[in-house]
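Here is the structure we will look at.
This one's a predicted model, so the numbers in the text were calculated from it and none came from an experiment. Reckoned from all heavy atoms, side chains included, excluding hydrogens, waters and symmetry mates.
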Amino acid sequence: MILFEELLKRVERPARYIGGEINEIQKDPASCRLRFGFAFPDLYEIGMSYTGLQILYGILNGREGVFCERVFAPRQDMETLMRENGVPLFTLETKTPVNKLDIVGFTLQYELSFTNILNMLSLSGIPFLSKERKEGMPFIIGGGPCAFNPEPLAEIFDLFVIGDGEETIVKLCEVFENWKRAGGRKEDFLKTACTIEGVYVPEFYIPIYKENNEIETFHKLYAGAGTHVKKSLVPDVNKIDPPEKNIVSLIEAVHDRAVIEIFRGCGRGCRFCQAGMIYRPVRERTKETILKAAKNQLKATGHEELSLLSLSTSDHSEFEPLVKELMEMCAGDNVSLSLPSLRLDSFSLDVLDKIGSYKKSGLTFAPEAGSQRLRNVINKCLDEETIFSSLKQAVDNGWSSIKLYFMIGLPTETYADLDEISGLVRKIMGICGRKRLKITVSISNFVPKAHTPFQWEAQDRYEEFVQKHNYLQEKLRIKGVTFNYHDSEMSIVEAAIARGDRRVGMALIKAWEKGCKFDGWSEHFDYGRWKEAFHESGLDISFYTSRERGYEEIMPWEIIDSMVSKEFLIRETNKAKLAATSKDCRQGCEKCGINMCLRSRKPDI
Ligand code: SF4
């Protein structure tokens, strides 16, 4: 067999495959009872920027007898060499073939990475379908936001961890170790695992379909499995230490910096946003915990940049004193501070000015919709006056380039709403002074997601997206304005998988067989192959995308309980139709069903 070193000489960026970075953990595999592979279905540079990897890597390796190693998707050059030379997919830490591990855990961040999962299984010599994997083969498990509709992967994965993974993964390890010690069969492990809160074992349920292709019901095949699987939730995130000894990438990662998660969840309630629903309620880390973790992580990694992670950074209740103390700490250590996901108000702009780590050329802002009516529909509580005054202040403070994010295809949208996007841009140009300002208008396409108030809504058809993109392109032919938009075909496949049922799994496999992989990269995405894959699986993509669903329809994710009630989601959808807004959790509880909010003044009781 070809030597690993020989492969490295023939690929671009060999550092993607060698491991050995600062803070990598090594253990003696022979002394470990559980060998875990944390698998990220994309390239090393992207996976290494993912905080969830650093969190779970630390937790798993913190357990005696458990060894967690990393696995990434190889780039095409490496994959070709591996296939030509019969080299199986391997872990970074010990170069162990993935099929020799006990558990392989994939993080499910984006639907268009699912074919990479299949490609990684194929490179590992692991059969795709759970029922075809023999005793002794690794368990394939998944977690992350896409696990909230696990059905397209239901026949491929053995189990899913729904919700916060930190505590569930430890319980799962304990179950595995006991099961291994007792010498049980695969089925015995799954039967015990499904009793852990947040664990969904799909083979214990079978969907029955109606003639019109909707789901009639789910039959439970194992009496010990729950009727619903409630997400796992860590009520107090302060009890879980943020990772401090993050692995430092050998090559430039997408984000090469220390990162501290400052809170989980978001109370703003944007109706299209899946993260805002599935990660409820808001749970903050205290300022002291954040400062201590930031100091320790910077010391352990030597990073020269620190970033804060959350869905809306400036919503932290101690944001101002926190930023002040972080600025002092960073200045002392010669570290730059970066603050993504900021609400652009006058305090944030002043902070950005002071920390100076932002190039004055680039400031991003997401009104999402052009008209106030449509912003109310999506519950993006932002008025024109705030938009104009923030941008005016930004330009007065020296920013010369602004990036504005909008989403098109939103429920109830008309061309009048699109006109207001260009109207808004023109007004901003007028207020801020045309000569000094460059605006980039970036358009994404609405993708209805599971567990959101818009989960029942139809997505625009391809032709509608194209027509709207062309329309906006014409309307935004303004000097100083650059226009770009997301690929409509990618948004359609994303939507088909995001709300797909178990049958979509066959289309995923067929798409992979036709050569689909790295679908999230526009240069690799091939809509023609996806259309063929759905068609050959006997499925109509539009059934999953451009069809409005009724409230009574059983959704593929019926068994998964996000703890946000269906009544709340329906209430929000009905309010959206009236362009009525709902309060941010900090202003008062809207009774979403979670009923355990640490920061809500009026809990949902
Ligand atoms: S229960 Fe109330 S405060 Fe808590 S997340 Fe839901 S709406 Fe927000």
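To the nearest 0.5 angstrom, I559 atom CD1 is 5.5 Å from Y205 atom OH. For the atom pair CD1 (I156) and CD1 (I140), the distance works out to 10.5 Å, reported to the nearest 0.5 Å. Here the straight-line distance linking atom OG of S565 with atom CE of M563 works out to 11.5 Å at 0.5 Å rounding.
Ion pairing of E187 with K191 is present here, as a side-chain N (NZ or NE/NH1/NH2) and a carboxylate O approach within less than 4.0 Å. Using a 4.0 Å cut-off between charged side-chain N and carboxylate O, K210 and E552 make no salt bridge. A salt bridge links R35 to E69: at least one charged side-chain nitrogen sits closer than 4.0 Å to a carboxylate oxygen. Between R75 and D77 there is no salt bridge, since none of the side-chain N atoms of the basic residue sits less than 4.0 Å from a carboxylate O of the acidic one.
Dense packing is recorded around NZ of K27, with more than 12 heavy atoms of other residues, nucleotides or ligands lying under 6.0 Å away.
Checked by atom type, the side-chain pair Y544/D501 shows a donor-acceptor distance below 3.5 Å. Between E45 and S49, the side chains place no donor N or O within less than 3.5 Å of an acceptor N or O (distance only, hydrogens not considered).
Residues passing the side-chain hydrogen bond (donor to acceptor under 3.5 Å, both in side chains) test with E12 are R16, sequence neighbours excluded. In this structure, the ring-ring contact (aromatic ring centres under 6.0 Å, His included) partners of F40, at least two apart in sequence or on a different chain, are Y50. Contacts of F36 classified as ring-ring contact (aromatic ring centres under 6.0 Å, His included), with partners at least two apart in sequence or in another chain: none. Scanning for ring-ring contact (aromatic ring centres under 6.0 Å, His included) contacts around Y222 gives F204, with sequence neighbours left out. Qualifying ring-ring contact (aromatic ring centres under 6.0 Å, His included) partners for F272, counting only residues two or more places apart in sequence or in other chains: none.
Pairs of residues two or more places apart, or lying in two chains, that qualify as side chain to side chain donor-acceptor pair (under 3.5 Å) and include a residue from residues 522-531 are D519-W530, D526-R529.
Under the 4.5 Å side-chain criterion, counting only non-hydrogen atoms from C-beta, R70 is in contact with I247.
Between Y44 and Y17, the distance from one ring center to the other does not fall under 6.0 angstrom.
The closest donor-acceptor contact from the side chain of N23 to the backbone of V248 lies at 3.5 Å or more, if one exists at all.
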